[in-house]
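Worth knowing before you read on, the calculation uses all heavy atoms, side chains too, and leaves out hydrogens, waters and symmetry mates. All of these numbers come straight from a predicted model, not from anything done at the bench.
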Amino acid sequence: MIVRVAVIGPAKDFFAVLKENLLGIYSAMDWLEFDNGFEFISHCLNAKKLPDIVFTEMFLLKIDGSAVADYLSTYFPDIRVVFVVDEIDSEIISNVSEAGAVGVVTRSDASIVFKIPNFGDEIFRVKKTTLRDIASLHSIFHQNLRDYRNAIFGKYGITKRESLFLLLNATGLEYGEIAKLMFISKKTVDNMFNSVAKKLGVQNRHNLTLFCIKMKLAKFSTVKTVAMKNILYH
């Protein structure tokens, strides 16, 4: 069996060590590298075969790691997401758990995955496990979240395509960029905004994003620029 692994982010040296470790575990592996979340999501929408495991950095340009994990947990829940972090603390664990990730790996050790606790477990119950066990890890939290979102979408008459738009809208991407990811024209994206805005009773993109965050239909995208080292909230 060939294991398909995708890595997202600029940490090339770390990912090289991670790849070496994984090659010692899996006899056959396809290795995919992406610089940012926009490239990765575009790949998922075009690919005939999706990755089995995704390692992503938290801060990425265009679409950050949290939004990528949120997208995958909603539309491709079979893909296991593991975050690459500098260190582990309760805030990190809470954030990646809510995004649907199954674990985190620290830059100091690319051979150990810290399993994210399941929904309802104590927040500090983080279990060390090996890279070999990633495929068996599941996030119960994102199943509950997906069921909740589907109920809300049904209540407001939001279609699946519109639900994808809502998630991408919260990333702060330009509507022309969203159009490219959804393989539609910018005019169609504008029409989609008008449709969901009417259904949800909001007047502009800002209020639409705030509504989706409040209702847990999407997350804020936190983007950290390499040059400025600033955190921008969309």
Side-chain angles (χ1 to χ4, degrees), residues 8-9 34-47 50 54 56-77 79 81 83 95-101 141-225 230-234:
I8 313 172
F34 302 90
D35 290 329
N36 57 65
F38 184 91
E39 289 182 1
F40 175 72
I41 289 180
S42 180
H43 170 80
C44 287
L45 292 172
N46 281 284
L50 295 169
V54 173
T56 180
E57 295 191 68
M58 185 72 73
F59 299 110
L60 302 168
L61 297 177
K62 284 189 178 289
I63 302 177
D64 69 7
S66 294
V68 168
D70 194 31
Y71 168 81
L72 293 178
S73 68
T74 301
Y75 295 99
F76 300 106
I79 298 177
V81 180
F83 275 100
N95 287 340
V96 301
S97 176
E98 289 181 2
F141 185 95
H142 83 238
Q143 175 64 56
N144 295 336
L145 181 61
R146 190 165 67 253
D147 291 344
Y148 163 79
R149 286 178 174 175
N150 287 336
I152 298 296
F153 293 147
K155 175 182 177 180
Y156 288 98
I158 301 296
T159 68
K160 186 166 184 176
R161 293 287 286 173
E162 288 174 340
S163 71
L164 174 57
F165 164 75
L166 291 178
L167 189 152
L168 295 175
N169 175 78
T171 66
L173 290 173
E174 298 292 335
Y175 275 10
E177 294 174 313
I178 292 177
K180 290 180 181 179
L181 287 180
M182 296 186 69
F183 307 106
I184 55 180
S185 68
K186 182 180 178 299
K187 182 177 180 180
T188 301
V189 174
D190 292 334
N191 291 337
M192 194 171 292
F193 164 79
N194 291 332
S195 174
V196 297
K198 182 178 180 180
K199 291 177 180 180
L200 300 177
V202 298
Q203 287 71 45
N204 54 54
R205 181 176 183 178
H206 177 71
N207 288 337
L208 177 61
T209 298
L210 290 180
F211 178 91
C212 289
I213 300 301
K214 180 180 179 180
M215 298 296 292
K216 297 183 179 180
L217 302 179
K219 292 182 175 63
F220 276 117
S221 180
T222 308
V223 180
K224 185 175 183 181
T225 63
N230 290 328
I231 297 179
L232 308 177
Y233 295 93
H234 300 291

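Contact check on E39 versus K62 returns no salt bridge, with no Lys/Arg side-chain nitrogen under 4.0 Å from an Asp/Glu carboxylate oxygen.
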>> One pair to check against side-chain contact (heavy atoms from CB on, under 4.5 Å): N169 and V189. What are the steps and the verdict?
In response: CA-CA 10 Å; N169 175 78; V189 174; over 6 Å; no

> After noting the C-alpha distance and the side-chain angles of C44 and L50, does the key distance pass the side-chain contact (heavy atoms from CB on, under 4.5 Å) rule?
Replying inline: CA-CA 6 Å; C44 287; L50 295 169; 4.0 Å; yes

>> Using side-chain contact (heavy atoms from CB on, under 4.5 Å), reason through C212 and L208 one step at a time and then give a plain yes or no.
In response: CA-CA 6 Å; C212 289; L208 177 61; 4.2 Å; yes

> Going through the distances and angles, do S163 and L217 end up as a side-chain contact (heavy atoms from CB on, under 4.5 Å)?
Replying inline: CA-CA 8 Å; S163 71; L217 302 179; over 6 Å; no

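Between the side chains of T171 and Y71, not a single donor N or O lies within less than 3.5 Å of an accepting N or O. Inspection of the R149 and T74 side chains reveals an N or O donor paired with an N or O acceptor under 3.5 Å.
Considering only heavy atoms from C-beta on, K186 stays 4.5 Å or farther from E174 through its side chain. A heavy-atom distance below 4.5 Å is found between the side chains of I63 and L181. Contact of the E57 side chain with the I8 side chain is not registered, since no non-hydrogen atoms from C-beta on lie closer than 4.5 Å. Within the 4.5 Å cutoff, side-chain heavy atoms of R161 are placed close to those of I184. Using a 4.5 Å heavy-atom threshold, the side chains of F34 and T56 count as separate.
Note: F76 CZ to I79 CD1 = 6.5 Å, rounded to the nearest 0.5 Å. Separating the CD atom in E162 from the CE atom in M182 is a distance of 8.5 Å, to the nearest 0.5 Å. Considering OG1 of T209 and CG of L166, their distance stands at 9.0 Å, rounded to 0.5 Å. The CG atom of L200 lies 11.5 Å from the CG atom of N207; values are rounded to the nearest 0.5 Å. Put simply, NE2 on H206 and CZ on F211 are 14.5 Å apart, with the number rounded to the nearest 0.5 Å.
Heavy atoms of other residues, nucleotides or ligands lying less than 6.0 angstrom from NZ of K180 number 12 at most.
Ring geometry for Y175 versus F193: interplanar angle of 30 to 60°, hence tilted.
Checked by atom type and distance alone, the side chain of R146 never pairs as donor or acceptor with a backbone atom of P77 at under 3.5 Å. A donor-acceptor contact shorter than 3.5 Å is absent between the side chain of D64 and the backbone of L60. Using modelled atom types, no side-chain atom of S195 and backbone atom of N191 make a donor-acceptor pair closer than 3.5 Å. The closest donor-acceptor contact from the side chain of K199 to the backbone of G157 lies under 3.5 Å.
For the residue pair M192 and F165, the shortest heavy atom distance occurs at SD-CB, 3.3 Å. Counting all heavy atoms, side chain and backbone alike, A218 lies closest to A170 at CB-CB, 3.7 Å. Residues R205 and I178 share a closest heavy-atom pair of NH2-CD1, 4.2 Å. Here the shortest heavy-atom pairing between Y148 and K216 reads CE2-CB, 4.0 Å.
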